[in-house]
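Each remark here refers to the structure printed beneath this line.
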Amino acid sequence: MATTSSPSRNAGLEKVLIAGGGIGGLATALALARRGVASSVLERRLIFGDDGAGIQIGPNGTRILDAIGVTDFIKARVTAPPALRILDAGNANTLATFPLGRWMAERHGAPYWAAHRRDLHNALLSTAEREPLIQIRMGFDVTAVGDALGSKVTATSANADEARGDALIVADGAWSTLRSRIFSGPAPSYTGKCAVRAVLPIEDVPDELHRSEVHLWLGPDVHVVHYPVSAGHAVALVAVFDDRSVVSDWSTSCDGAWVSGQTTGFAPLLRDLLARPENWRRWSLMKLSRRPRMVLGRTALLGDAAHPVLPFLAQGGVMALEDAMVVAGALADDPGDPARALQTYASARARRVRRLARASWLNGKIYHLSGSMAAARNTAFARMAPDRFMKSYDWLYGWTPPEAATR
Ligand SMILES: Cc1cc2nc3c(=O)[nH]c(=O)nc-3n(C[C@H](O)[C@H](O)[C@H](O)COP(=O)(O)OP(=O)(O)OC[C@H]3O[C@@H](n4cnc5c(N)ncnc54)[C@H](O)[C@@H]3O)c2cc1C
């Protein structure tokens, strides 16, 4: 367990501003505090509300939660699925089972967790609220940024509040408005796929699915994932379908009848499961037509604002955690020149997020195959040695923060 007490204050940096108090923003504040750097988190929302459904946190993420002192606030609320079970959505046959749980912990020295996204966010928030070097300003909708190329950067809110700091980290999420305003970044465009999510109390889940593994059901142009969260008291569900209409937030309600209408051709057990939630939320899977520049003077993008990834490797939130560690390390190591430090951060992240984005996109293609290609995929899954398959993800789960960030 990493120490949670802050080191002495970093004399070179007075304060870093962070636009967005989501997973990436709060993790950045905590990683900075571990390096003695003060920050102000500027969050648009007045209160944190509907905070999603499930989130999987691989060892590359749980290792970071430990380093920034969050583990104690979340460990009682997570589950540690022992395996990933892949099933055919049409007939409920198991296609393959790959190890997570103990295998991951032994191989990577950190656990593989599944959590309610709200529990992860609450844990980050509770840790941050106890940290004297972190100030959280709710209801601060950053609409303008000044002096990014000067000696102090300013952030101004919609109601004319102002904050000043040595650097500004922009972590305002996948629908980032600051990405286009400050970095001339592209607006996200729709991939043609939408995701629906729900959380079901365990007693509402069909008995046959009271299982601790992550389940991944594959069908033509569709996949469904579910796993236990909230210490096993609930199951988080997400289904990804092709769809024409676009929504531009995380929380649009979705009719259960619409979801059920997408499940024709599914095995009865899966249809039954998907018919149970009363409340679904839906979001559109977006991509950026080109990569935005990551840094402008003393400002830098982080997390989904920098690189929204498709959720086919369950790594969007974890990439934001990794970014947080790297940017905090870079700023703390080079306090006299924040603009240079942010360039160091951007260079350190570029290859990895590109690789992750490619791997995630490819997974999506494989998941949604149909016809003979799907049959070939299923045969390949059946023949694959589980151990070897999981080792092919060492590059992903074995990532450790730069040494400096955890000192
Ligand atoms: C409500 C919500 C529900 C989600 N549900 C899921 C889910 O069910 N499954 C899943 O896989 N992923 C979900 N995600 C996305 C996933 O959590 C992100 O991929 C991951 O958290 C990346 O972190 P981030 O910090 O980059 O962005 P986010 O966690 O999205 O945080 C962005 C934050 O910035 C704030 N913000 C936006 N604009 C401004 C502004 N101008 N000024 C100040 N603050 C601003 C937002 O209110 C938000 O708190 C959800 C995100 C949110 C916000």
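Note that the coordinates shown come from a computational prediction; the quantities given were computed from them, not determined experimentally. All values below come from the heavy atoms of this structure, side chains included, with hydrogens, waters and symmetry mates left out. Note that ligands are numbered from 1 as they come in the structure, with each ligand's atoms numbered from 1 the same way.
Nearest-heavy-atom check against atom 5 (N) of ligand 1 across Ala195, Gly52, Ala236 picks out Gly52. Between His307, His121, Glu43, it is Glu43 that holds the heavy atom closest to atom 48 (C) of ligand 1.
Residue contacts with ligand 1: Gly49 is excluded, as none of its non-hydrogen atoms falls under 4.0 Å. No heavy atom of Pro311 sits closer than 4.0 Å to any atom of ligand 1.
Nearest heavy atoms, Val240 versus Leu285: CG1-CD1, 3.8 Å.
Between Tyr397 and Tyr393, the two ring planes are tilted [angle within 30° to 60°].
Each of Trp217, Phe312, Phe266, Phe241 was checked for a ring-ring contact (aromatic ring centres under 6.0 Å, His included) with His223, and the lone residue meeting it is Phe312. When the options Thr400, Leu396, Asn60, Asp394 are evaluated for a side chain to side chain contact (heavy atoms under 4.5 Å, CB included) with His108, the one that passes is Asp394.
Which parts of ligand 1 touch Gly303 is read off a 4.0 Å heavy-atom cut-off, strictly below it: atoms 26 (O). Remark: ligand 1 atoms within the under-4.0 Å shell around heavy atoms of Gly24 are 23 (O), 24 (P), 25 (O). Near Asp141, with a cut-off below 4.0 Å to any heavy atom, the atoms of ligand 1 are 40 (C), 41 (N), 42 (N). Atoms of ligand 1 found under 4.0 Å from any heavy atom of Ala171, numbered from 1 in the order shown, are 32 (C), 33 (C), 34 (O). Shown in contact with Phe140 at under 4.0 Å from a heavy atom are these atoms of ligand 1, numbered in order with element: 42 (N), 43 (C). Taking every heavy atom of Gly54 and a limit of under 4.0 angstrom, the matching atoms of ligand 1 come to 9 (N).
At least one N or O atom of Val142, backbone or side chain, sits closer than 3.5 Å to an N or O atom of ligand 1. The distance criterion of under 3.5 Å between nitrogen or oxygen atoms is met by Ala53 with respect to ligand 1. Residue-to-ligand polar distances keep Ala320 apart from ligand 1: every N/O pair is separated by 3.5 Å or more. Here's the thing with Trp283: none of its N/O atoms is less than 3.5 angstrom from an N/O atom of ligand 1.
Checked by atom type, the side-chain pair Asp249/Ser251 shows no donor-acceptor distance below 3.5 Å. Side-chain atoms of Asp66 and Thr71 include a donor-acceptor pair closer than 3.5 Å. Using modelled atom types and a 3.5 Å distance limit, the side chains of His215 and Arg211 yield a donor-acceptor pair.
The shortest side-chain heavy-atom distance between Ile74 and Trp113 falls under the 4.5 Å cut-off. Looking only at side-chain heavy atoms (C-beta outward), Val170 and Val142 stay at 4.5 Å or farther from each other. Looking only at side-chain heavy atoms (C-beta outward), Glu14 and Arg164 stay at 4.5 Å or farther from each other.
The part of Arg117 lying near ligand 1 is the side chain, judged by heavy-atom distances below 4.0 Å. Residue contacts with ligand 1, taken as heavy atom pairs separated by less than 4.0 Å, involve Leu42 solely via the backbone atoms N, CA, C and O. In Arg44, the parts holding a heavy atom less than 4.0 Å from any atom of ligand 1 are both the side chain and the backbone.
In this structure, Arg281 fails the cation-pi test against Trp250, since its NZ or CZ atom is not both closer than 6.0 Å to the six-membered ring centre and inside 45 degrees of the ring normal.
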